[in-house]
Every structure is written in C-alpha cells, then in structure tokens.
Number of protein chains: 2
Amino acid sequence: MAPFCGALIRGKRRVGSADRDAVRQRAYHTHAGALVFRWNEAADHVFAVCEGWALRFIELADGRRQNLSVLLPGDLCPTALFQEKFHYSVEAVTDVCITRFGRDDVRRQMLHDPKLRETVAKACAADQRDVEERVVSLGRRTAEEHVCHLLLGLANRLSGHRVRADHSYAFPLLQRHIADLTGLTFVHVSRVLTELRNARVVDVSYGSMTIMSVAELKEIAQLR
Amino acid sequence: MAPFCGALIRGKRRVGSADRDAVRQRAYHTHAGALVFRWNEAADHVFAVCEGWALRFIELADGRRQNLSVLLPGDLCPTALFQEKFHYSVEAVTDVCITRFGRDDVRRQMLHDPKLRETVAKACAADQRDVEERVVSLGRRTAEEHVCHLLLGLANRLSGHRVRADHSYAFPLLQRHIADLTGLTFVHVSRVLTELRNARVVDVSYGSMTIMSVAELKEIAQLR
DNA sequence: CGCGGCATTGACCGAAGTCAAACCAGGTGG
DNA sequence: CCACCTGGTTTGACTTCGGTCAATGCCGCG
C-alpha cells in the first residue's frame with residue numbers, strides 16, 4: 001500500500017487555506033494489543049497508520065479468528081469510502097499512531113484532486129491484490145510455502161521492494177499473529193519457523209526477521 | 001454485487017446525447033470453459049457480466065488453482081479502475097455475455113455522476129467483503145462449514161437475499177469449481193455434498209441446488 | 001455401442017491439529 | 001541479587017481432517 005497521509009496533506013496544501021473543502025485530519029495513539037476500531041462500528045472515517053503495526057481481522061462467534069492483512073506505517077484503510085460499517089476489526093500489534101480523515105471530506109477532496117484519486121486507487125489495488133494472494137496461499141499453498149510467502153511480502157513492503165539478505169528488519173508479529181494470518185495454529189507456526197531457521201532460509205525471532213537466503217525464500221514462496 | 005450495466009446506461013442517458021463523455025460499451029459472448037480474460041492482460045476495460053456464470057481465479061506455476069469469486073449476472077469487475085494489469089484470470093463456467101466499458105470513459109463519467117460513484121462503491125465494498133469472507137472460510141472453517149457458507153452466499157445472491165427452502169436454483173458449478181473455491185479436492189467436495197444431501201440440508205446435483213433446511217444451512221455456515 | 005467427462009466410494013496416507021509438558025526471557029517485588 | 005511469575009516459544013506423543021490413488025458408476029453423445 002502507498003503512503004497516504006502525505007498525499008492528503010499535499011492535496012490540502014495545493015488547494016490552499018481559502019478552500020472550505022480542506023480535509024480535516026486528527027491523529028491519535030493506541031497502545032499495543034488494543035482495538036483500534038471494532039467490527040460493526042460506523043465507518044465514517046478513512047484511517048491511515050502513521051507509526052507502528054496493526055492487524056485487520058475477523059472473528060467467528062466461537063472465537064476462531066482470521067487476520068486479513070498487516071497494516072504498516074503509511075497504509076490506508078479506505079473501506080469507509082465504500083461502505084457504511086466496518087466488516088472487520090483492527091488491532092494494534094505495537095503501540096500505533098493513527099490518522100483519521102472524515103469520509104465526506106475525503107470524498108469531496110477526491111473530486112477535484114486527481115493526485116489523491118490516484119493515491120486511493122493505488123491503495124485499493126494493493127489491498128485487493130494482497131488479500132487475494134492470501135486467498136491463494138490459504139487455499140493452495142502448504143504451511144511452509146504460506147509462511148515464506150507472508151514473510152517475503154512483508155520484507156518487500158518493509159524495504160521498499162529492495163530486500164537485502166542478512167539484514168535485520170524489526171518484526172513485532174508474534175507466532176500467534178502469524179498463525180491467524182496463515183490459518184495455522186501457533187504450534188505449527190513454531191515448527192515451520194524453526195525449520196526455516198535451521199535450513200538457513202530466514203530467521204524470525206526476538207522481534208526481528210533476518211533473511212538468510214533471498215533466493216531460497218522466493219523459491220519456496222512461489223512468488224508469482 | 002450490484003447490477004451494473006443498468007447504472008452505467010442510466011448514467012449515459014441522464015447526460016444526454018450531446019455529451020462527448022458518454023460511456024461507450026460493447027457486449028460480447030464467450031462459450032462455457034473459455035477464458036474471458038487472462039492474468040497479466042492490460043486492464044483498460046471495466047467488465048460486467050450480463051448473462052451466465054464466471055469465475056475469477058489465480059493459478060500457481062505448477063498448476064495449483066484457486067478461484068477467488070463467482071461472477072453472476074449483474075456483477076462488475078472494477079479492477080481496471082484501480083490498476084493497469086489484471087492479477088487474475090476469468091473463466092466462463094456457462095456460456096456468458098460480457099459487457100465492457102472503456103476505463104477512461106467510466107472514470108470521466110464518475111466525476112459528474114454521483115449515482116454511478118455510488119454504484120461502483122457498492123460493488124467494490126461487496127467484492128471486498130466477499131473475498132474477505134472467503135479468507136475467513138479458508139483459514140478457519142472446516143470443509144463442511146466452508147461449503148455451506150459458499151452455497152448459502154450464492155443462494156442469497158441468486159434469490160436477492162430472499163432464500164426459499166425447497167426451491168430449485170439453477171447451479172452450473174461443477175464439483176471441481178467448488179473445490180477450487182474452497183481450497184479442497186473435488187473428491188472431498190463430493191463427500192461433503194453427499195453428506196449434506198443425506199442429512200437433508202442441501203442438495204446440489206444435476207446443475208441445480210435445492211436447500212432443504214435454510215436454518216440448518218445457516219447454522220453450519222456460521223453466517224455472521 | 002463405446003467413449004469421455006463427471007460423480008461416488010473405499011483403502012490408505014500424511015500434513016497439520018491437539019494436548020501437555022518443558023523451556024526461556026523479561027519484569028517485579030522481596 | 002535472586003526468586004517468582006507471566007507470556008511467548010519449543011518439543012514430543014498422539015489424533016484427525018482432508019488428500020491421494022484407484023476402481024466403479026453414471027449419463028449424454030457421437
């Protein structure tokens with residue numbers, strides 16, 4: 001997903017201070033583990049993550065949980081532009097800083113700001129591709145492939161698509177978060193991660209991720 | 001997803017024949033089993049299904065395949081509005097009639113047609129919810145639950161959310177299509193479907209689906 | 001009549017789940 | 001400085017859901 005705050009702020013500046021249509025924004029902080037917003041809340045704001053990691057997720061009546069996607073700094077939740085209520089919840093993984101923009105403000109602004117339209121379109125496209133890749137992984141990849149695919153995808157986003165081997169990326173996801181992303185149990189995630197570590201492919205531990213062999217990781221992940 | 005052709009045509013009429021911005025559309029037919037369009041093709045048109053059933057899918061290098069969603073008459077593929085290339089392919093399940101609209105025409109039209117914006121937004125929202133429900137099913141539901149959830153979702157769409165018991169809906173999906181939607185094998189889909197038939201919950205056979213017990217189906221599907 | 005595509009059934013297998021114990025690290029309080 | 005607690009991770013023994021392979025049935029069609 002594309003950095004968003006920037007685009008909206010830029011849009012605002014371009015329009016100038018005389019414009020009543022300016023996009024109002026408000027930033028706020030939440031601590032690790034807390035819900036940023038909850039399923040079924042009115043979706044009257046577009047959200048963007050400024051700092052920290054968060055997870056979009058859905059849970060069933062009996063507590064089974066599925067994480068839909070990882071939100072990194074710069075990521076946008078444009079859902080409010082399309083529907084009245086959220087069909088998912090968002091949980092802070094680390095302490096996070098969130099910016100929110102009034103839905104109607106953003107809509108109005110989009111009408112005369114092609115740049116902003118472009119940004120939102122890019123974000124939507126990235127979102128859709130990402131979640132549909134997740135569908136493929138869940139449906140047709142093995143546990144090992146799925147985990148590798150997830151890690152590689154995150155490494156790409158963290159590094160601006162310039163993944164380096166033997167570089168250590170901050171990685172706050174716990175094994176249960178990975179489990180709920182991949183549809184596995186945390187026990188099995190642990191097994192897979194230790195395997196990958198022993199095979200010198202990638203090492204996820206102590207809050208960081210180090211890719212030892214980019215080639216092998218790509219190979220296993222079957223990145224298309 | 002919402003009926004689309006109608007909205008665009010309506011939009012066109014409202015603007016009047018003098019308007020150079022009118023949305024051009026072209027309909028064409030494809031026969032069952034053929035590809036409507038292919039992964040990696042330039043996404044310069046917005047597509048809508050007028051007649052017949054189609055499947056959006058992705059396949060891996062080794063042939064493993066995952067269906068992303070079922071396209072029914074009235075459904076829209078707005079992907080072209082957001083990105084340059086398709087990241088998925090579309091296959092006709094039955095003979096289908098497809099309408100396509102130039103991407104730039106639609107974009108232009110959207111700028112001064114709030115009704116059209118609304119329609120597209122609704123379609124995007126429905127798309128996103130649908131595929132994210134699929135993620136939940138793939139990750140956290142059992143085979144039986146997943147199949148029931150899929151069937152109930154389709155029944156809802158086919159009946160305009162007024163599902164009736166003991167009514168027979170035309171249902172052209174083969175077991176292998178259902179398998180590629182649910183991440184199962186067609187052998188296991190067969191087992192699940194025969195179970196559901198014997199349990200008098202739902203009967204899928206000979207190109208039609210009959211729900212025997214809506215309550216039980218909902219129960220198993222855990223529709224939220 | 002024979003063929004091809006789809007569905008069904010059975011025997012067996014294996015990837016991932018379950019349950020439970022042990023381990024490890026950081027944080028707190030005596 | 002250490003003892004203890006808590007939450008995350010690792011490991012092992014065993015189970016299970018769904019996959020694999022293969023045979024059989026079924027039906028429409030040339």
Side-chain angles (χ1 to χ4, degrees), chain A residues 31-34 53 55 60 62-66 91-94 137-151 171-199 202-210 220, chain B residues 31-34 53 55 60 62-66 91-94 137-151 171-199 202-210 220:
Chain A
H31 59 279
W53 291 40
L55 286 167
L60 300 180
D62 58 8
R64 282 179 283 179
R65 165 172 169 151
Q66 179 64 42
E91 179 195 349
V93 174
T94 62
S137 288
L138 284 162
R140 294 305 186 201
R141 285 194 243 252
T142 65
E144 190 183 48
E145 288 169 349
H146 193 164
V147 169
C148 286
H149 188 269
L150 173 70
L151 294 178
F171 191 89
L173 294 186
L174 301 179
Q175 298 190 349
R176 64 182 159 84
H177 297 130
I178 300 179
D180 289 336
L181 278 161
T182 51
L184 302 168
T185 58
F186 69 89
V187 176
H188 198 65
V189 169
S190 173
R191 285 195 246 271
V192 171
L193 288 181
T194 15
E195 290 254 318
L196 290 170
R197 187 158 44 240
N198 294 338
V202 58
D203 181 358
V204 176
S205 49
Y206 302 104
S208 67
M209 158 169 66
T210 314
I220 302 176
Chain B
H31 59 279
W53 290 39
L55 285 167
L60 300 180
D62 59 8
R64 280 178 285 179
R65 166 172 170 152
Q66 178 65 43
E91 180 195 345
V93 174
T94 62
S137 289
L138 283 162
R140 294 305 187 201
R141 284 195 244 253
T142 65
E144 189 183 49
E145 289 168 349
H146 193 164
V147 169
C148 286
H149 188 269
L150 173 70
L151 294 178
F171 192 88
L173 294 185
L174 301 179
Q175 297 192 348
R176 64 181 159 83
H177 297 131
I178 300 179
D180 289 336
L181 277 161
T182 51
L184 302 168
T185 58
F186 67 88
V187 176
H188 199 63
V189 169
S190 172
R191 285 195 249 270
V192 171
L193 288 181
T194 16
E195 290 253 318
L196 291 171
R197 188 157 45 238
N198 294 337
V202 57
D203 182 358
V204 176
S205 49
Y206 302 103
S208 67
M209 158 169 66
T210 313
I220 302 176

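First the proteins, then the strands, lettered A, B, ... as listed; each starts at 1. Everything numeric here is computed off the predicted structure, so don't read it as measured data.
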**OP:** May I have the distance from B:Glu145 (atom CD) to D:dC17 (atom P), rounded to whole angstrom?
**Re:** 12 Å
**OP:** On DNA chain C, check which nucleotide each of A:Tyr206 and A:Val192 is closest to and give me the residue with the more 5' one.
**Re:** A:Val192
**OP:** Name the nucleic acid region contacted by A:Leu184, choosing base, sugar-phosphate or nothing; use a 4.0 angstrom heavy-atom cut-off, strictly under.
**Re:** sugar-phosphate
**OP:** For A:Arg191, report the nucleic acid contact type (base, sugar-phosphate, nothing); a contact means any heavy atom under 4.0 Å.
**Re:** base
**OP:** Please work out if A:Ser205 contacts a base, only the sugar-phosphate, or nothing of the nucleic acid, heavy-atom cut-off 4.0 Å.
**Re:** nothing
Original post:
Any side-chain heavy atom of B:Asp180 within less than 4.5 Å of one from A:Arg140?
Top reply: yes
Original post:
Looking at side-chain heavy atoms only, is the closest gap between A:Leu174 and A:Phe186 below 4.5 Å?
Top reply: no
Original post:
Looking across every strand, which nucleic acid part, if any, lies under 4.0 Å from B:Thr194 by heavy atom: base, sugar-phosphate, or nothing?
Top reply: sugar-phosphate
Original post:
Where the side chain of B:Arg197 is concerned, which of C:dA16, C:dT8, C:dT9 is the nearest nucleotide?
Top reply: C:dT8
Original post:
Do A:Thr182 and A:Val192 have side-chain heavy atoms sitting under 4.5 Å apart?
Top reply: no
**OP:** Scan A:Gly183 against the nucleic acid and name what it touches under 4.0 Å (heavy atoms): base, sugar-phosphate only, or nothing.
**Re:** sugar-phosphate
**OP:** For A:Arg176 and D:dT10, give me the distance from atom CZ to atom P, rounded to whole Å.
**Re:** 15 Å
**OP:** Kindly indicate whether the side chain of A:Leu55, heavy atoms from C-beta on, has any atom under 4.5 Å from the side chain of A:Arg65.
**Re:** yes
**OP:** Using atom CZ of B:Phe186 as one end and atom C1' of C:dG5 as the other, report the distance to the nearest whole Å.
**Re:** 11 Å
Original post:
To the nearest Å, how far apart are A:Leu193 CG and D:dG8 P?
Top reply: 15 Å
Original post:
Would you say A:Gln175 reaches D:dT10's phosphate, i.e. side-chain N/O to OP1/OP2 under 4.0 Å?
Top reply: yes
Original post:
Rounded to whole angstroms, how far apart are CD on A:Glu195 and P on D:dT11?
Top reply: 10 Å
**OP:** Figure out the CZ/P separation between B:Arg141 and C:dA16, and round it to whole Å.
**Re:** 21 Å
Original post:
Is A:Leu151 close to A:Leu193 at the side-chain level, that is, under 4.5 Å between some pair of heavy atoms?
Top reply: yes
Original post:
Taking OP1 and OP2 of C:dT8, is either one under 4.0 Å from a side-chain nitrogen or oxygen of B:Ser190?
Top reply: yes
Original post:
D:dG19 phosphate, OP1 or OP2: any side-chain N/O from B:Thr185 under 4.0 angstrom?
Top reply: yes
**OP:** Assign each of A:Leu174 and A:Arg140 to its nearest nucleotide of DNA chain D by heavy atoms, then name whichever residue's nucleotide is nearer the 5' end.
**Re:** A:Leu174
**OP:** Round to a whole Å and report the spacing from CZ of A:Phe171 to P of D:dG8.
**Re:** 15 Å
Subject >> Separation of atom NE2 in B:His188 from atom C1' in D:dC21, rounded to whole Å >> reply: 16 Å
